[in-house]
Amino acid sequence: MAAEAEVLDELHRLRARVPQLTGSLAASVDGLVLAHDTPGVEPEGLAALTAAALGVAVRMTDAAGRGELRELLLRGDNGYVATYAAGSSAVLTLLAPDRVNVGRLHLEGRRAGSRIGKLMDAQPRPDDPATARAVTRNPARSVAQSASPATTPSPTPAKATVRSTMPRRTPRTTTPRTTPRTTSHAPTTTEN
């Protein structure tokens, strides 16, 4: 697809802006590789692990009441793994050594994630036939389909967010405690 070539081009430009990067990967939220520049790292495994970490991070931000996930930063002995939201269906994962300027990494990662998100959100989704008909790369097909009244382009999200495919956990209902808690360590006695 043309979008994957554009995403790969964005990954190369990102490496030029942040020369300390040791790898970059764009993947779907389901863990499928869209494009990668990860020498020495298996991109399929990294994409799958990114999806797993993303699922946990989305649940954590939801449980903590922090809104939708924007980014995830992990630090190990040998450097950083940073994951950024890239539209509604993709994520950007960056690998960097410990000496990287983390502020610069965040700045460029967020910008690249936004650009990749716009590229990926503009693509047709195979599970949505209306969107697949509305966005096409073949000019002959687009002319034929423009005559169809059912083709309306879907709006793209205004901000880059990541939505988990995992079901949301419903909050537990709590009942007020009827008996007070005792704070003293002395034994309590009751008189009859």
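Worth knowing before you read on, the calculation uses all heavy atoms, side chains too, and leaves out hydrogens, waters and symmetry mates.
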| field | Cluster check Leu94, Val33: I/L/V/M/F/W/Y, side chain < 4.5 angstrom | value | no
| request: List for me each residue that meets salt bridge (charged side-chain N to carboxylate O under 4.0 Å, His left out) alongside Arg104, sequence neighbours excluded, and say none if there are none. | output: Glu108
| field | hydrophobic_cluster_shared for Leu21 and Leu25, side chain cutoff 4.5 Å | value | no
| note | For Thr38 and Ser24 the tightest heavy-atom approach is CG2-O, 3.3 Å
| request: Can you measure from CZ (Arg115) to CG (Leu92) and round to the nearest 0.5 angstrom? | output: 11.0 Å
| task | Look only at the side chain of Arg13 and the backbone of Leu8, and say whether a donor-acceptor pair between them is shorter than 3.5 Å. | result | no
| Is a salt bridge present between Arg111 and Glu10, judged by a nitrogen-to-oxygen distance below 4.0 Å? | no
| query | Quick one: does Leu11's side chain get under 4.5 Å of Ile116's, heavy atoms only? | reply | yes
| request: Please report the closest heavy-atom contact between Pro39 and Arg15, naming both atoms and the distance. | output: CD-NH2, 4.0 Å
| task | Calculate, to the nearest 0.5 Å, the distance between atoms CG and OG belonging to Leu32 and Ser89 respectively. | result | 11.0 Å
| Are Leu49 and Leu73 co-members of a hydrophobic cluster defined by side-chain heavy atoms under 4.5 Å apart? | no
| said: If hydrophobic clusters are built by linking Ile, Leu, Val, Met, Phe, Trp and Tyr wherever their side-chain heavy atoms come under 4.5 Å apart, do Val81 and Val56 end up in the same one? | reply: no
| field | Considering all heavy atoms, the nearest Gln20-Pro97 contact | value | O-CD, 2.9 Å
| query | Which distance, rounded to the nearest 0.5 Å, do you find between the CD of Glu4 and the NE2 of His36? | reply | 11.5 Å
| For Thr83 and Thr50, what are the C-alpha separation, side-chain angles and deciding distance, and is it a side-chain hydrogen bond (donor to acceptor under 3.5 Å, both in side chains)? | CA-CA 8 Å; Thr83 300; Thr50 296; 4.7 Å; no
| query | Is a side-chain donor or acceptor of Thr22 paired with a backbone partner of Leu95 at a separation under 3.5 angstrom? | reply | yes
| message | Checking Tyr84 against Val91 for the side-chain contact (heavy atoms from CB on, under 4.5 Å) test, could you report, in this order, the C-alpha distance in whole Å, the side-chain angles of both residues, the deciding distance, and whether it holds? | response | CA-CA 6 Å; Tyr84 301 92; Val91 292; over 6 Å; no
| message | With clusters defined by side-chain heavy atoms of hydrophobic residues (ILVMFWY) lying less than 4.5 Å apart, directly or transitively, does Leu46 cluster with Val7? | response | no
| Pairing residues for Glu42 by the side-chain contact (heavy atoms from CB on, under 4.5 Å) criterion, not counting sequence neighbours | Glu44
| Inter-residue atom distance Arg110.CZ - Leu105.CG, 0.5 Å rounding | 9.5 Å
| message | Among residues at least two apart in sequence or on other chains, which ones pass side-chain contact (heavy atoms from CB on, under 4.5 Å) with Ala57? | response | Leu69, Leu72
